[in-house]
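Data first, discussion second: the structure below is written as structure tokens.
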Amino acid sequence: MALSRVFVANRGEIAVRIVRACRSLGLESVVGVSDADREGLAAELADRAVVLGPAPARESYLNANLVVHAAKATACDALHPGYGFLSESSALAGLCEREEIVFVGPRAETIERLGDKLTARAIAAEADVPIVPGSGEIRAAAEARTFAARVGYPVLMKASAGGGGRGMFVARTDADIDDGFERASAEAEAAFGDGALFVERFVEDARHVEVQIMGDGAGAVVHFGERDCSVQRRFQKVVEEAPAAALSAEARAQIHDAACRLARHLDYQSAGTVEFLYDVARGEAYFIEANVRIQVEHPVTEEVTGIDLIEEQLRIAGGGGLSVAQGDIALAGHAIECRINAEAPERDFAPSPGLIDAWRAPEGQGIRIDSHCRAGAFVSPFYDSMIAKLIVRAGDRTQAVERMSGALDAFRIGGIDTNLAFQARLVRHPDFAANSLNTRWLEDVFMPSLMH
């Protein structure tokens with residue numbers, strides 16, 4: 001490979017994951033850490049760790065100049081942003097390009113174009129990818145009401161400048177728009193520095209399905225199948241699966257083709273995810289957005305394809321191109337991922353930072369743990385509450401659900417509150433077992449069932 005040393009511009013389990021992929025490929029790794037993460041597992045495993053700054057993310061992980069300076073100072077020839085933080089920052093990618101550091105991800109121009117939802121929708125339309133009927137950019141509730149009157153309620157108001165469930169609000173009446181518009185706009189402004197929204201038709205009985213793609217930047221694109229991420233709370237994913245068992249063979253082929261068309265249209269480079277809303281009643285899939293980074297849920301795709309997606313990213317960044325053709329990629333079995341968080345579901349999912357005084361992870365065939373935690377680790381209050389990803393794989397979905405149930409029971413974490421019991425009850429719910437789910441199921445069905 002043309003690369004020799006990679007700067008890891010992230011923390012937690014994804015930083016550990018990247019360090020291990022570098023080691024597998026014979027690359028050195030340097031991880032940038034905040035003061036809060038000096039003693040973390042990523043710092044321990046990397047060839048070197050350098051302190052970026054204080055614990056608050058804006059003074060460390062979110063400061064692009066600090067990150068690139070640290071990469072240059074440690075003679076790194078590439079930078080991997082992971083997910084979250086600056087992973088979707090065209091400014092960081094552009095800065096890397098100017099400083100002649102290989103950015104392990106798409107080109108800065110691609111990130112900028114897909115980072116704005118309205119621009120991304122226009123690009124999807126150019127690539128003949130079906131999109132949900134939606135508005136242009138709006139900055140007043142009256143404009144949202146006008147659009148809703150044209151397409152009918154319910155509608156979904158969404159932040160134009162970002163994703164991750166921030167700045168999103170479902171409206172079923174004019175009064176809902178009047179009530180929710182300012183809140184959604186304020187949340188978008190706080191999260192992304194831009195309060196602009198757009199509105200689209202809200203699909204009631206919908207599955208959230210996403211296609212994992214990879215491109216070499218010169219027109220070659222492959223997909224690694226799809227994932228179902230329909231189990232969500234406040235538009236945040238809770239459980240993810242591969243493949244999406246609810247799709248018909250025809251719908252599956254259509255979204256694979258659509259995702260690859262979009263990627264080829266952009267000469268896409270590195271890993272990406274093209275996300276769709278699958279309308280169960282109509283049997284139709286609509287483009288939502290494209291994520292220009294590796295996703296939290298990428299392990300379920302790795303488990304059913306046997307391909308390490310982080311290693312694939314690094315090979316492309318090093319000039320090696322794609323190591324697989326579409327015909328080489330075959331899916332086998334079924335995989336499920338549960339996000340394990342340091343939080344208290346019974347207290348409205350309040351974060352639970354603190355010292356982990358006991359840690360016993362499940363082991364056995366078809367069980368994988370991606371984590372940066374262990375006994376003695378401190379869960380910082382400064383960052384996301386996810387402390388592990390529990391992934392299982394089995395021959396089919398029914399077996400995978402059973403394996404996940406047992407693995408959740410066997411997982412022991414002491415000293416802090418976690419959502420382990422919550423996840424265990426979720427995967428044992430009859431609807432989950434029957435795969436009778438949609439994007440509203442967790443909040444409309446499962447959460448109320450906890451009260452009985």
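With respect to the salt-bridge test (charged N to carboxylate O, under 4.0 angstrom), the residues Arg121 and Glu289 do not qualify. A salt bridge between Asp308 and Arg17 is present, with a side-chain N of the basic residue lying under 4.0 Å from a carboxylate O of the acidic one. A salt bridge links Arg5 with Glu28: at least one charged nitrogen is closer than 4.0 Å to a carboxylate oxygen.
In this structure, OH on Tyr278 lies 9.0 Å from CD on Glu284, to the nearest 0.5 angstrom. The CE atom of Met404 sits 11.5 Å away from the CG atom of Asp409 when rounded to the nearest 0.5 Å. Note: Ser60 OG to Leu66 CG = 8.0 Å, rounded to the nearest 0.5 Å.
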Taking only distance into account, with no hydrogens and no angle test, what donor-acceptor pairs under 3.5 Å do side-chain atoms of residues 209-218 form with protein atoms, sequence neighbours excluded?
unit_1: Glu210; atom_1: OE1; unit_2: Lys237; atom_2: NZ; d: 2.8
unit_1: Glu210; atom_1: OE2; unit_2: Arg227; atom_2: NE; d: 2.8
unit_1: Glu210; atom_1: OE2; unit_2: Arg227; atom_2: NH2; d: 3.1
unit_1: Gln212; atom_1: OE1; unit_2: Arg227; atom_2: NH1; d: 3.0
unit_1: Gln212; atom_1: OE1; unit_2: Arg227; atom_2: NH2; d: 3.2
unit_1: Gln212; atom_1: NE2; unit_2: Gly272; atom_2: O; d: 3.1
unit_1: Asp216; atom_1: OD1; unit_2: Ala218; atom_2: N; d: 2.8
unit_1: Asp216; atom_1: OD1; unit_2: Gly219; atom_2: N; d: 3.4
unit_1: Asp216; atom_1: OD1; unit_2: Ala220; atom_2: N; d: 3.1

Listing, residues 87-97 side-chain donor-acceptor contacts under 3.5 Å, not counting sequence neighbours, or none:
unit_1: Ser87; atom_1: OG; unit_2: Gly84; atom_2: N; d: 3.0
unit_1: Ser87; atom_1: OG; unit_2: Gly84; atom_2: O; d: 2.9
unit_1: Glu88; atom_1: OE1; unit_2: Arg293; atom_2: NE; d: 3.1
unit_1: Ser89; atom_1: OG; unit_2: Ala91; atom_2: N; d: 3.3
unit_1: Ser89; atom_1: OG; unit_2: Leu92; atom_2: N; d: 3.0
unit_1: Glu97; atom_1: OE2; unit_2: Ala108; atom_2: N; d: 3.2

Considering only distance and modelled atom types, tabulate donor-acceptor pairs under 3.5 Å from the side chains of residues 384-391, sequence neighbours left out.
unit_1: Asp384; atom_1: OD2; unit_2: Met386; atom_2: N; d: 2.8
unit_1: Lys389; atom_1: NZ; unit_2: Glu13; atom_2: OE2; d: 3.0
unit_1: Lys389; atom_1: NZ; unit_2: Val296; atom_2: O; d: 2.6

Output side-chain donor-acceptor pairs under 3.5 Å for residues 32-43, partner residues at least two apart or in another chain, one line each.
unit_1: Ser34; atom_1: OG; unit_2: Ala36; atom_2: N; d: 3.2
unit_1: Ser34; atom_1: OG; unit_2: Tyr383; atom_2: OH; d: 2.7
unit_1: Asp35; atom_1: OD1; unit_2: Arg38; atom_2: NE; d: 3.3
unit_1: Asp35; atom_1: OD1; unit_2: Arg38; atom_2: NH2; d: 3.2
unit_1: Asp37; atom_1: OD1; unit_2: Arg11; atom_2: NH2; d: 3.1
unit_1: Asp37; atom_1: OD2; unit_2: Arg11; atom_2: NE; d: 2.7
unit_1: Asp37; atom_1: OD2; unit_2: Tyr61; atom_2: OH; d: 2.5

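Between the side chains of Ser323 and Glu312, a donor-acceptor pair is found at a separation under 3.5 Å. Side-chain contact of His334 with Gln399: a donor-acceptor pair under 3.5 Å is absent, judged by distance alone. Residues Ser24 and Glu311 have side chains that bring a donor and an acceptor to within less than 3.5 angstrom of each other.
For Arg393 (side chain) and Ala332 (main-chain N/O), a donor-acceptor pair under 3.5 Å exists by modelled atom type. Side-chain N or O atoms of Gln269 include one that pairs as donor or acceptor with a backbone N or O of Gly105 at under 3.5 Å. Judged purely by atom type and a 3.5 angstrom limit, Ser352 has no side-chain atom pairing as donor or acceptor with the backbone of Ala342. Between the Asn419 side chain and the Asn341 main chain, a donor and an acceptor come within less than 3.5 Å of each other. Looking only at distances, no side-chain donor or acceptor of Ser405 sits under 3.5 Å from a matching main-chain atom of Val401. Although no hydrogens or angles enter the test, the distance criterion places a donor-acceptor pair under 3.5 Å between the side chain of Asp47 and the main chain of Ser29. Put simply, the side chain of Thr305 gets close to the backbone of Thr301: a donor and an acceptor are under 3.5 Å apart. Proximity of a side-chain donor or acceptor of Arg201 to a complementary backbone N or O of Pro133 within less than 3.5 Å is not detected. Within the 3.5 Å criterion, the main-chain N or O of Ala15 finds no donor-acceptor partner in the side chain of Asn10.
Residues in residues 243-268 take part in these salt bridge (charged side-chain N to carboxylate O under 4.0 Å, His left out) pairs, two or more places apart or across chains: Glu226-Arg252.
Under the rule for a salt bridge (charged side-chain N to carboxylate O under 4.0 Å, His left out), the partners of Glu44 that lie at least two apart in sequence or sit in another chain are Arg374. The salt bridge (charged side-chain N to carboxylate O under 4.0 Å, His left out) test applied to Arg233 returns Asp348, not counting sequence neighbours. Residues satisfying the ring pair (Phe, Tyr, Trp, His ring centres under 6.0 Å) criterion with His223, sequence neighbours excluded, are His256. For Glu241, the salt bridge (charged side-chain N to carboxylate O under 4.0 Å, His left out) partners at least two apart in sequence or on another chain are Arg397. For Phe422, the ring pair (Phe, Tyr, Trp, His ring centres under 6.0 Å) partners two or more places apart in sequence, or in a different chain, are Phe349, Phe446. Listed by chain and residue number, nothing satisfies the salt bridge (charged side-chain N to carboxylate O under 4.0 Å, His left out) test with Arg412 (two or more places apart in sequence, or in another chain). Taking the ring pair (Phe, Tyr, Trp, His ring centres under 6.0 Å) definition, one finds that Phe432 meets it with nothing, sequence neighbours left out.
Atom CD of Glu109 has 12 or fewer heavy atoms from other residues, nucleotides or ligands within 6.0 Å. For His69, the NE2 atom counts as loosely surrounded, since its 6.0 Å shell holds 12 or fewer non-hydrogen atoms of other residues, nucleotides or ligands. Counting heavy atoms of neighbouring residues, nucleotides and ligands inside a 6.0 Å radius, atom CD of Glu137 exceeds 12 of them.
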* To do: Let me see the working for His372 and Ile14 under side chain to side chain contact (heavy atoms under 4.5 Å, CB included), right down to the final yes or no.
  => CA-CA 8 Å; His372 59 293; Ile14 190 60; over 6 Å; no

* Begin from the C-alpha positions of Arg339 and Glu240 and carry the test salt bridge (charged side-chain N to carboxylate O under 4.0 Å, His left out) through to its verdict. => CA-CA 9 Å; Arg339 301 188 187 197; Glu240 302 99 356; 2.7 Å; yes

* To do: For the pair Phe235 and Leu156, evaluate side chain to side chain contact (heavy atoms under 4.5 Å, CB included) and give the outcome as yes or no after the intermediate values.
  => CA-CA 11 Å; Phe235 303 105; Leu156 178 64; 3.7 Å; yes

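Within the cation-pi definition used here (under 6.0 Å to the ring centroid, within 45° of the axis), Arg48 does not qualify as a partner of Phe7.
With Ser160 as the fixed residue, the side-chain contact (heavy atoms from CB on, under 4.5 Å) test singles out one of Thr119, Asp116, Asp194, Leu197: Asp116. For the side-chain contact (heavy atoms from CB on, under 4.5 Å) with Leu247, the lone residue among Val280, Ile255, Asp228 that qualifies is Ile255.
What you find for Phe169 and Ala184 is that their closest heavy atoms are CB-CB, 4.2 Å. Contact detail for Ile288 and Lys158: the closest heavy-atom pair is CG2-NZ, 3.2 Å. Residues Leu3 and Leu314 share a closest heavy-atom pair of CD1-O, 3.9 Å. When all heavy atoms are compared, the tightest approach of Ser135 to Leu118 is O-CD2, 3.5 Å. Scanning both residues, Gly136 and Phe198, for their nearest heavy atoms gives O-CB, 3.5 Å.
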